[in-house]
Amino acid sequence: MAVTSKIYKRKSWHMKKWNENFKKYATGALLIVCLLICVVLFKAYIDGKFDSVETLRNYISGFGIFAPLVLIVIQAAQVVLPVLPGFLGCMVGSVMFGWVGGFWCNYIGISAGSIIAFLLARKYGQSLVSKMFPGERYNKIASWAAKSKSYTLILFLGMVLPLFPDDYFCYLTGLTKMTTQKFSAIIILGKPWCILAYSLIFSATIT
């Protein structure tokens with residue numbers, strides 16, 4: 001009986017170790033892939049691919065059947081890398097895929113990017129966020145967010161309304177005590193309305 005118990009404990013230890021190593025390597029591989037994607041998109045931005053609806057449309061069209069996936073990745077990346085113009089992606093999505101297709105590509109991409117930004121801030125903390133958004137304004141808002149009892153409501157309303165600095169607040173929220181589940185729910189429930197309105201307007205007005 002004692003021998004069986006030792007064997008079981010040893011197997012459990014090896015299984016736990018294997019799971020820990022797998023998570024570590026999987027996380028590392030995912031980070032490398034994300035970094036490569038960001039580098040590629042940032043180069044495209046430098047090369048002028050994000051200068052207008054036409055240039056971005058041509059860039060995405062060049063990926064053929066993978067064009068919807070590329071738009072999703074771009075919209076996720078523009079939250080993680082605030083220098084990329086997310087508003088332009090909403091316009092291009094509606095032009096290329098209609099309001100329905102454009103809505104889903106933009107919604108999935110922006111929601112994913114928002115959660116990724118939140119998790120990056122949660123993992124790497126204030127040292128990362130303060131470098132991305134330096135200045136006295138950041139310090140004041142960060143201090144307010146950490147103490148405010150109405151922050152959850154304001155964040156939700158901000159996600160629903162247009163022209164809200166989403167990328168800034170996704171990173172900022174990662175520094176608060178808000179749980180990942182609660183933040184994800186706010187993004188999933190609050191994000192679609194503004195994106196849907198953009199999709200309908202752009203598909204009707206841009207050809």
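Bear in mind that the values here come from a model prediction, so they are computed numbers and not experimental data. The figures here come from the full heavy-atom set of this structure, side chains too, leaving out hydrogens, waters and symmetry mates. Here, residue 1 is the first one in the sequence, and each next residue gets the next number.
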Please answer whether the main-chain N or O of T176 pairs with a side-chain N or O of R122 as donor and acceptor at a distance below 3.5 Å. yes
In terms of heavy-atom contacts, I110 and C90 come closest through CD1-SG, 4.2 Å
Using every non-hydrogen atom in the two residues, find where P192 and F103 come nearest and quote the distance to one decimal. O-CE1, 3.4 Å
With a 4.5 Å cut-off on side-chain heavy atoms, are C105 and F97 touching? yes
Looking at I72, is its backbone amide N or carbonyl O close enough to the side chain of Q75 to form a donor-acceptor pair, meaning the two atoms are under 3.5 Å apart? no
Do V70 and Y45 share a hydrophobic cluster (ILVMFWY, side-chain heavy atoms under 4.5 Å, transitive)? yes
Interatomic distance, L189 atom CG to S184 atom OG [nearest 0.5 angstrom]: 10.5 Å
Pairs involving residues 41-50, ordered by first then second residue, that meet salt bridge (charged side-chain N to carboxylate O under 4.0 Å, His left out) (sequence neighbours left out): K43-D47
Specify the closest pair of heavy atoms between T152 and M178, including all atoms of both residues, with the distance to one decimal. OG1-CE, 3.6 Å
Return the CG to OG1 distance between L155 and T173, rounded to the nearest 0.5 Å. 4.5 Å
Which label fits Y59 and F50: parallel for a plane angle under 30°, tilted from 30 to 60°, or perpendicular past 60°? tilted
Do T55 and S52 have a side chain donor and acceptor closer than 3.5 Å? yes
Rounded distance [0.5 Å steps], CD1 in I115 versus CG in L120: 12.0 Å
Mind checking whether L41 and F66 sit in one hydrophobic cluster, side chains of I, L, V, M, F, W, Y counted as touching below 4.5 Å? yes
Nearest-0.5 Å distance, CG of residue L128 to CG of residue L175: 8.5 Å
Measure the CZ-OG distance between F156 and S150 for me, rounded to the nearest 0.5 Å. 15.0 Å
Residues passing the side chain to side chain contact (heavy atoms under 4.5 Å, CB included) test with L200, sequence neighbours excluded, are W99, L196
According to a hydrophobic-cluster definition based on side-chain heavy atoms being under 4.5 Å apart (Ile, Leu, Val, Met, Phe, Trp, Tyr only), do V40 and I46 belong together? yes
Please name the pair of heavy atoms, one in R57 and one in V92, separated by the smallest distance, quoted to 0.1 Å. CA-CG1, 4.0 Å
Give a yes or no on whether the backbone of V80 and the side-chain of Y171 come within a donor-acceptor separation of less than 3.5 Å. yes
Linking I/L/V/M/F/W/Y whenever their side-chain heavy atoms sit closer than 4.5 Å, directly or via other members, would F202 and M96 fall into one cluster? yes
A side-chain contact here means heavy atoms from C-beta on lying under 4.5 Å apart; do D167 and L81 qualify? no
Please walk me through it: do Y151 and L172 pass side-chain contact (heavy atoms from CB on, under 4.5 Å)? CA-CA 11 Å; Y151 182 73; L172 185 64; 4.2 Å; yes
Going only through I, L, V, M, F, W and Y residues with side-chain contacts under 4.5 Å, is there a path from L161 to W193? no
What I want to check is whether the side chains of S199 and Y107 have a donor and an acceptor closer together than 3.5 Å. no
Minimal heavy-atom distance between V79 and A117, with the atoms involved, is CG1-CB, 4.3 Å
Distance in Å, F118 CZ paired with K182 NZ, rounded so as to fall on 0.5 Å steps: 10.5 Å
Minimum heavy-atom separation for S114 and I187, please, with both atom names. CB-CD1, 3.8 Å
Across all chains, not counting sequence neighbours, the side-chain hydrogen bond (donor to acceptor under 3.5 Å, both in side chains) partners of D51 are none
